[in-house]
Structures are given as structure tokens and as C-alpha cells.
Number of protein chains: 4
Amino acid sequence: MSPRTKQQFKKIRNEKIELIKNTALKLFAENGYASTSISKIANNAKISKGLIYNYFESKEALLHDVMFDSLKDFANALVVEDINNIKKKEIIQFIDWSFNTLKSNPEFYKLYFSLAQQGQIIKLFEEEMHKVFGELFEKIIMYYTQKGEKNPFTKARFLIAIVDGIGAHYLLDMEGFPLEETRKMITELI
Amino acid sequence: MSPRTKQQFKKIRNEKIELIKNTALKLFAENGYASTSISKIANNAKISKGLIYNYFESKEALLHDVMFDSLKDFANALVVEDINNIKKKEIIQFIDWSFNTLKSNPEFYKLYFSLAQQGQIIKLFEEEMHKVFGELFEKIIMYYTQKGEKNPFTKARFLIAIVDGIGAHYLLDMEGFPLEETRKMITELI
Amino acid sequence: MSPRTKQQFKKIRNEKIELIKNTALKLFAENGYASTSISKIANNAKISKGLIYNYFESKEALLHDVMFDSLKDFANALVVEDINNIKKKEIIQFIDWSFNTLKSNPEFYKLYFSLAQQGQIIKLFEEEMHKVFGELFEKIIMYYTQKGEKNPFTKARFLIAIVDGIGAHYLLDMEGFPLEETRKMITELI
Amino acid sequence: MSPRTKQQFKKIRNEKIELIKNTALKLFAENGYASTSISKIANNAKISKGLIYNYFESKEALLHDVMFDSLKDFANALVVEDINNIKKKEIIQFIDWSFNTLKSNPEFYKLYFSLAQQGQIIKLFEEEMHKVFGELFEKIIMYYTQKGEKNPFTKARFLIAIVDGIGAHYLLDMEGFPLEETRKMITELI
DNA sequence: CATGAATGAGGTTTCATTCAT
DNA sequence: TATGAATGAAACCTCATTCAT
């Protein structure tokens with residue numbers, strides 16, 4: 001039992017933090033944020049309650065970090081080569097990415113949809129959300145503008161709304177919902 | 001000195017039940033079901049906690065009744081004159097009705113969207129939801145079938161999903177979201 | 001609907017009082033005093049809660065009156081013709097009476113046994129109990145004294161204790177318990 | 001800074017569990033199960049309400065564990081050397097043990113007597129009770145059978161009933177009741 | 001005499017958080 | 001770093017009692 005090096009400590013820290021966040025995301029998504037207790041998270045992760053408070057200031061801070069992680073991925077999801085000439089293919093790639101992560105990481109979306117309407121809680125990561133979705137939104141507006149659409153703003157709002165709508169309904173019935181076919185329908189709309 | 005008549009009692013009952021349900025709906029929608037305490041509802045309605053339990057067996061029963069009321073309205077929203085010949089106009093009227101009630105009664109939708117992803121809670125009114133949305137869904141499938149669409153099922157799913165998507169995004173930003181224009185876009189899609 | 005006479009009112013009063021006391025006794029015996037709510041009694045008797053408070057000051061007062069009624073019967077149960085010459089037959093008749101009422105009115109005994117050990121509650125009818133059981137006890141002591149027993153006090157205590165023991169066990173298993181045969185055993189002991 | 005060892009935690013747990021059970025038994029016995037609140041138990045034990053729920057799932061679970069503990073002692077109280085030849089001395093030793101624990105641990109008996117008549121609650125530890133008292137009862141039947149009694153079943157029922165009767169009356173008047181002398185009377189009956 | 005709406009104190013239970021080790 | 005005992009506020013709920021009619 002030689003003393004651990006700083007690096008070892010750091011590794012342990014990071015592993016534990018990931019474990020806690022993943023467990024929290026899973027349980028928040030399954031049962032809702034308010035109905036998931038810190039105890040449940042600790043039990044599920046097979047650690048103690050106290051340890052969670054070593055890494056996160058509060059339950060709210062944990063939720064924030066959980067959401068932040070997933071939101072970060074969005075920031076880089078709509079890659080645009082030339083901002084002055086956004087291509088349809090790039091938009092479609094973004095939609096595809098969204099649907100793929102919806103399938104591979106449904107927990108985040110479930111949590112997002114269940115919290116989205118709750119003012120108090122959404123404030124915890126309002127800033128990040130605005131930043132990420134704002135940028136995304138801007139690019140789509142620009143795309144439609146460049147395409148010569150009359151109402152690029154409305155078009156962009158519409159596109160994002162229906163992607164979310166499809167996502168939400170897919171999560172409500174993952175077996176029955178025709179995700180691939182609706183994906184194509186959206187693609188045709190763009 | 002004679003006791004109130006049965007009618008008088010019934011009137012009091014019904015008024016208080018309405019008061020409680022309306023207050024509950026408002027608060028559930030604002031802050032979520034789990035985060036809304038019975039105390040808050042009582043304070044907001046200016047009655048005692050105990051009275052709520054005079055009229056509702058539990059917090060869950062209250063939620064059930066609140067949802068049930070609004071769900072009932074849906075049952076009659078898509079009026080079809082001839083089931084063997086559903087008209088485009090009828091579908092559009094339903095969409096219009098949905099958007100109008102979204103504006104006039106946003107609380108129900110907020111609550112619906114925030115609960116939709118939570119299996120445990122949705123079970124409270126699963127039966128009603130299945131009945132109402134099931135019938136709605138059937139009619140839309142029939143409409144597309146009668147129109148000769150190749151994938152009426154997918155089309156129907158798609159339509160409902162994007163209506164929900166628009167609804168959700170409208171609620172997230174009631175001032176900024178272009179509801180009227182997106183409504184037209186949907187209409188064109190049908 | 002001519003106005004009721006005073007007698008009619010009195011009759012209604014008495015009938016209602018009996019109804020309430022009987023219902024209360026039944027429910028207290030079944031589920032315990034503390035676990036029986038005034039509401040349950042009202043529902044069971046098909047009257048309103050308020051009416052109970054018309055006739056009884058409080059739940060405790062109701063319990064008192066319920067117990068008092070049954071206790072009164074005890075007062076006259078051990079009939080003694082000549083106090084200076086109590087006969088064995090008279091004692092046996094009392095035992096018989098006890099066992100008969102045990103069978104015909106088990107509720108009172110159940111309630112009595114379940115409350116007997118609870119100091120706070122027993123105080124509600126301590127006075128009556130002392131009076132009734134005291135007199136009873138005195139007579140049995142006298143009987144044993146007249147018979148020339150060395151320890152009449154102990155004998156009396158013993159007799160009452162075992163009658164209660166038999167009673168309690170009979171109530172615990174009314175079908176299986178050999179009441180008649182144990183009654184004979186007691187009779188032989190006297 | 002290292003966490004307490006498992007043994008240290010176990011010791012703390014066990015001590016607190018004992019403290020809570022002892023306090024609960026005392027208060028349940030004094031005022032009855034239903035009339036004893038968790039708050040009272042916590043105050044009496046000088047701990048917080050919450051801690052009780054760390055160790056017991058519910059008030060009912062606490063009652064169960066409290067009863068279970070005491071019932072276990074009964075299981076070994078009637079020691080029989082040769083099951084085919086149960087001796088009078090062994091029965092008497094059991095009676096003696098009963099009376100001694102009645103004096104040293106009256107709380108359990110008080111609680112037992114006050115709950116015995118309440119079906120709902122008794123179900124919490126019905127299984128344990130049946131096991132313990134069933135075995136006891138069997139042995140006494142066998143004893144009377146081996147002695148050549150005509151009605152060993154009735155005799156056994158009678159014996160247990162009167163022991164309980166004596167116990168109950170002793171608890172009602174611990175100073176005045178002649179426990180020693182009634183004990184002898186029972187011994188003579190066997 | 002009779003009703004049941006209404007209250008509020010107090011009951012059981014949950015849980016985020018703290019802290020000694 | 002890690003544990004889980006401990007707290008206390010607040011949640012859901014019950015119920016004896018009051019009172020206007």
C-alpha cells in the first residue's frame with residue numbers, strides 16, 4: 001500500500017465523478033429529477049451518500065453537471081465548414097447525429113424533455129442551454145437565409161421543434177415509433 | 001337551523017373541487033408535479049391542507065383527476081362526419097383546436113409534456129390517455145389511408161409528433177415562438 | 001309533518017344514542033379504540049359526524065359511555081341472597097353469567113381486554129370499574145371467608161384472574177377454544 | 001480521516017437499534033401501540049425521528065421487531081429433556097420462568113395483552129407467535145397425554161389461559177396482586 | 001335534530017445535507 | 001478518499017372537533 005500518486009488520485013476522482021454522473025443521469029431519466037434521491041444514486045452506484053457530496057456541492061449541482069456534459073456535445077454537433085455557405089448536407093448530418101444520439105443516449109433526452117417545462121429547474125443550466133441552442137439556432141437561420149427563404153427564423157424554429165417532437169415521441173414508444181421513416185420525412189422537409 | 005340541502009352541499013363540493021383542481025393544475029404546470037406540495041396548493045387556493053383530502057384521496061388521485069378533466073376535452077376534438085370519408089378540413093380543424101387550446105389552456109400541456117416521459121406517473125391515467133389518443137390516432141391513420149398514402153401509420157405518427165413538438169416549443173417561449181406561422185406550415189404538410 | 005312531541009324527540013334521541021354506542025363498541029372492539037375514527041363510526045352507523053357530537057362531548061366521552069353501559073351489567077351479575085351466607089351456587093351462577101355474556105356480547109370483553117393495560121385510557125372509567133369490580137371482589141372474598149379458606153383474598157384474586165384468562169383466550173380463538181369444558185374446570189375449583 | 005471500520009459501524013448500529021427497541025417497548029407498553037408516536041419514541045430516546053427510519057422501515061416494522069425479540073425468549077422457555085417423558089418439574093419450571101420474566105420484563109407482557117385482541121396488528125407477528133406458542137402448547141398437551149389425562153387438549157388450553165389471566169391481573173396491580181401465592185395455586189393444579 | 005364542509009394539530013415518512021471518523 | 005450515522009425541515013396524510021346552515 002504505497003501512497004498513491006497525485007495522478008492516481010486524479011484518476012480515481014475522475015472515475016468516481018463519471019460513475020456518479022452516469023448513475024444520476026440514468027435514474028433522473030427513469031424516475032424524474034425530484035423523485036430520485038441522493039440515496040438511490042449512491043446505492044445504485046455502490047458508493048456512499050457522503051462521497052457524492054465530496055464531488056458535488058448539492059443535488060442541484062449534480063443535475064447541472066449532468067446536463068452540462070450532454071449539452072456540450074450539442075455545441076459541436078452542427079459542424080459548418082463555411083459559415084457563409086452552409087450546406088444542406090451539413091444540416092442533414094446534424095439531424096442524423098441528433099437521431100443517432102437519441103438512440104444511443106436516450107437518457108439525456110428523457111431528462112431534458114421532462115425538465116424543459118419547469119422554470120425553476122431549467123434555470124440551473126439556462127445559460128449553457130441558451131448558448132448551445134442559440135448557436136445552433138443561428139446557424140440554421142443562416143442556412144435558410146442563404147437558401148433565400150422568406151421566413152428563415154420561422155423555418156428554423158419549425159425545424160428544431162419538429163425534431164424535438166419526433167424525439168419525444170420516439171422515447172415514449174421506442175419499439176413502435178418509426179424513427180427511421182420520420183427521419184427521412186424531416187430530411188425531405190429541409 | 002335545518003341542515004343545508006343536498007343540493008347546497010353538492011354546489012359547495014363542486015365549487016371547491018374545481019378550485020382545488022384549477023389551483024393544482026396551475027402549480028403542477030409551473031413547477032412540476034413532484035415539486036408541488038399539497039401545502040402550496042392549499043395556500044394558493046386559500047384553504048386548509050385537510051380540505052384537499054376531503055375531496056381527493058391522495059396527491060396522486062388529485063393529479064389523476066386534473067389530467068382526466070383535460071383529457072376528456074381531447075376525446076371530442078377531432079370530429080369526423082363520415083368515418084369512411086374523413087376530410088382534410090376536419091383534420092385541420094383539429095389542429096386548429098389544438099393550437100387554440102394550447103394558447104388558452106397552456107397549463108395542461110405543460111403538465112402533460114413534463115410528465116410524459118415518466119412511466120411511473122403516467123400509469124395513473126394511462127387508460128384514459130390510451131383511449132383518447134388511441135382514437136385520435138386511428139382517425140388520422142384512416143384519413144391518410146383514404147387519401148391513398150403509402151405509409152399512413154408513419155404519416156400519422158409524424159403528424160402528431162410535430163404538433164407536439166410545436167406545442168412544446170411554443171410553451172418554452174410563448175412570446176417569441178411563431179405559433180401562427182408554424183401552424184400554417186403544418187397545415188400545408190397535411 | 002306535524003311537529004313531533006317531546007316524547008317522540010326523546011325516543012329519537014335514545015335510539016340514536018344506542019345506535020352510536022353500539023356501532024362504536026363494535027368498531028372499537030374490532031380495530032381498537034385509537035384506530036377507530038369518529039368518521040368510521042358515523043359511516044358505519046349511517047349518520048353524520050356532527051350528530052355524534054350532538055350526543056357525546058368527545059371521543060373519550062363516547063368510549064366512557066360505551067364502557068359504562070356494559071359495566072353496569074356487571075354490578076348486578078353476582079346476586080347474593082344473604083350477604084352473610086353466600087352460596088356456592090350463587091358464585092357459580094355468576095361465572096355462568098360471565099361466560100354467557102362472553103358468548104353473546106364478545107365486543108365488550110374484547111374492548112376491555114385491549115384497553116385494560118393502558119393506564120391513560122383506563123382512567124376514563126376507572127371509578128366505575130373500581131366500584132363494580134370492587135363490590136364483586138368483596139363478595140367473593142366474603143364467600144371464601146365464610147367457607148373458612150385460609151387466604152380468601154388470594155383465592156378471590158385467583159378466581160377472577162382465571163375467569164379473565166379463559167375469557168381472553170376464548171376471544172382469541174372462538175371456534176377452537178373449549179369454553180364449556182374449561183367452564184366446568186373452573187366450577188370444580190371453586 | 002479514514003472512515004470508521006465496518007465493525008465500528010456495526011456496533012453503533014446495534015446499540016442504536018437496541019436503544020430504539022427498548023424505548024419503543026417501554027412506551028408501547030405504557031400507552032399502547034397506536035397512541036405512541038414515533039416522535040415520542042425519538043424524544044424519549046433522545047434521538048431524531050429520522051434516525052428511527054434509518055433502522056426500521058416503518059412503525060409497524062419496529063413493533064414487529066420489538067415483539068419478535070421477546071417472543072424468541074419464549075421459544076426456549078419450556079425445556080424438555082425427553083420428549084416422550086415430560087416431567088412435571090419441567091412444566092413447573094416453565095411456569096416459574098414465565099412468572100419471573102413477568103416481573104423482570106413486564107413491558108412485553110403488557111404490550112402482548114393489549115395487542116392480543118386486535119387481529120389487524122397481530123398479523124404483523126402472527127407467524128412467530130404461532131410457531132412459539134404452538135410448540136409450547138404441543139408440549140403441554142403431550143405432558144397431559146403422558147400423564148393419562150382424558151382431555152389433554154382442554155387441560156393444556158386451560159393451563160395457558162389461567163397463566164395468562166394471572167399475568168394480566170398482576171400487571172394491572174403489581175403491588176397488590178399476590179403473584180407468589182397464585183403461582184403456588186397453579187403449581188398445585190398441574 | 002342533522003349535515004358535512006372546514007380547520008389545524010399532529011401523525012408517519014422521506015430526504016438533502018452534515019459530520020465524525 | 002470514503003463511510004454511513006445523524007439531523008431536521010418538510011413532505012403526505014389523518015382525524016377530532018367546530019360550525020354555518
Side-chain angles (χ1 to χ4, degrees), chain A residues 4 8-10 12-13 16 34-43 47-60 62, chain B residues 1-6 8-13 15-16 34-42 47-60 62, chain C residues 4 8-10 12-13 16 34-43 47-60 62, chain D residues 1-6 8-13 15-16 34-42 47-60 62:
Chain A
R4 274 170 276 206
Q8 281 175 316
F9 270 124
K10 204 172 172 184
I12 291 177
R13 275 189 74 86
K16 283 290 152 83
S35 300
T36 302
S37 69
I38 293 287
S39 282
K40 269 189 215 154
I41 297 170
N43 287 341
I47 57 169
S48 70
K49 270 183 295 191
L51 193 58
I52 294 178
Y53 284 89
N54 257 350
Y55 295 117
F56 302 92
E57 282 225 319
S58 65
K59 195 185 171 189
E60 287 197 345
L62 173 55
Chain B
M1 298 293 188
S2 63
R4 273 171 275 214
T5 64
K6 282 201 176 169
Q8 282 174 313
F9 277 129
K10 202 172 174 183
K11 192 173 164 242
I12 294 175
R13 279 188 75 82
E15 282 172 5
K16 279 293 151 71
S35 301
T36 303
S37 71
I38 293 287
S39 283
K40 272 187 214 154
I41 298 171
I47 56 171
S48 69
K49 267 182 299 184
L51 191 58
I52 294 178
Y53 288 93
N54 234 334
Y55 296 117
F56 301 92
E57 286 222 317
S58 63
K59 194 186 171 189
E60 286 198 347
L62 173 55
Chain C
R4 276 169 274 206
Q8 282 175 314
F9 270 124
K10 205 171 171 184
I12 291 176
R13 277 189 71 86
K16 283 289 152 83
S35 301
T36 301
S37 68
I38 293 287
S39 283
K40 269 189 216 155
I41 297 170
N43 288 341
I47 56 169
S48 70
K49 268 183 297 189
L51 193 58
I52 294 178
Y53 284 88
N54 258 350
Y55 295 117
F56 301 92
E57 284 225 317
S58 64
K59 194 185 171 189
E60 287 197 346
L62 173 55
Chain D
M1 298 291 189
S2 63
R4 273 172 273 213
T5 64
K6 281 199 176 169
Q8 282 173 311
F9 277 128
K10 203 172 174 182
K11 192 172 165 245
I12 293 175
R13 280 188 75 82
E15 283 172 5
K16 279 291 150 72
S35 302
T36 302
S37 71
I38 293 287
S39 283
K40 272 188 214 153
I41 298 171
I47 56 172
S48 69
K49 270 183 294 186
L51 191 59
I52 294 177
Y53 287 91
N54 235 332
Y55 295 117
F56 301 93
E57 286 223 319
S58 64
K59 195 186 171 189
E60 286 199 346
L62 173 56

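Predicted model, so just to flag it, every value in this text is computed and none were measured. In what follows, chains carry the letters A, B, and so on, assigned in the order in which the sequence lines appear, proteins first and then strands, with residues in each chain numbered from 1.
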Measure from CG on Leu51(D) to P on dC15(E) and round the result to the nearest Å.
17 Å
Between C1' of dG10(E) and NZ of Lys59(D), the distance in whole Å
12 Å
Hey, does the side-chain of Arg4(B) have a donor or acceptor N/O within less than 3.5 Å of a partner on the base of dA5(E)?
no
Measuring to OP1 and OP2 of dT14(F), would you say a side-chain N or O of Tyr53(B) lies under 4.0 angstrom away?
no
Between P of dG4(F) and CD1 of Ile52(A), the distance in whole Å:
12 Å
Minimum heavy-atom distance Ile52(C)-Leu62(C), with the two atoms named
CG2-CD2, 4.4 Å
On DNA chain E, compare the nucleotides closest to Ile12(B) and Ser37(A); which residue's is nearer the 5' end?
Ile12(B)
Rounded to whole Å, the NZ-P distance (Lys11(D) to dT3(F)) equals 22 Å
Any base atoms under 4.0 Å from Ser35(C), or only sugar-phosphate, or nothing? Heavy atoms, all strands.
nothing
Minimum heavy-atom separation for Ala42(C) and Lys49(C), please, with both atom names.
CB-N, 3.7 Å
Nearest-nucleotide pick for Ile38(A), side chain only, options being dA5(E), dT17(E), dT12(E):
dT17(E)
Let's test your reading of the pairing rules: Watson-Crick or G-U wobble, both distances under 3.5 Å, then write DNA chain E as a dot-bracket string with ( ), [ ], | and dots.
.||||||||||||||||||||
Once you round to the nearest 0.5 Å, how far does OH of Tyr53(D) lie from CD of Glu57(D)?
11.0 Å
Mind checking Phe56(A) for me? I need base, sugar-phosphate or nothing, with any heavy atom below 4.0 Å counting as a touch.
nothing
What is the distance, rounded to the nearest whole Å, between atom CG of Asn43(C) and atom P of dT14(F)?
14 Å
To the nearest Å, how far apart are Asn54(C) CG and dT18(F) C1'?
12 Å
Side-chain touch Arg4(B)/Ile12(B), heavy atoms, less than 4.5 angstrom:
yes
So does Thr5(B) get a backbone contact from the side chain of Gln8(B), meaning a donor-acceptor N/O pair under 3.5 Å?
yes
Contact nearer the 5' end of DNA chain F, comparing Lys6(D) with Lys40(B):
Lys6(D)
Less than 4.0 angstrom between a side-chain N/O of Arg13(B) and OP1 or OP2 of dG4(E), yes or no?
no
Atom-pair distance (CD1 on Ile47(D); C1' on dA5(F)), nearest Å
11 Å
Could you state the atom-to-atom distance from CD of Gln8(B) to P of dC19(F) in whole Å?
20 Å
Interatomic spacing from OG1 in Thr36(D) to CD1 in Ile41(D) - rounded to 0.5 Å:
6.0 Å
Quick check on dA2(F): is either OP1 or OP2 less than 4.0 Å from any side-chain nitrogen or oxygen of Lys16(A)?
yes
Within the 4.0 Å heavy-atom criterion, would you say Ser58(A) contacts the bases, only the backbone, or no part of the nucleic acid?
sugar-phosphate
Identify, between Glu60(C) and Lys49(A), the residue whose nearest nucleotide on DNA chain F lies closer to the 5' end.
Lys49(A)
Drop me the distance from Ser48(C)'s OG to Asn54(C)'s CG, to the nearest 0.5 angstrom.
8.0 Å
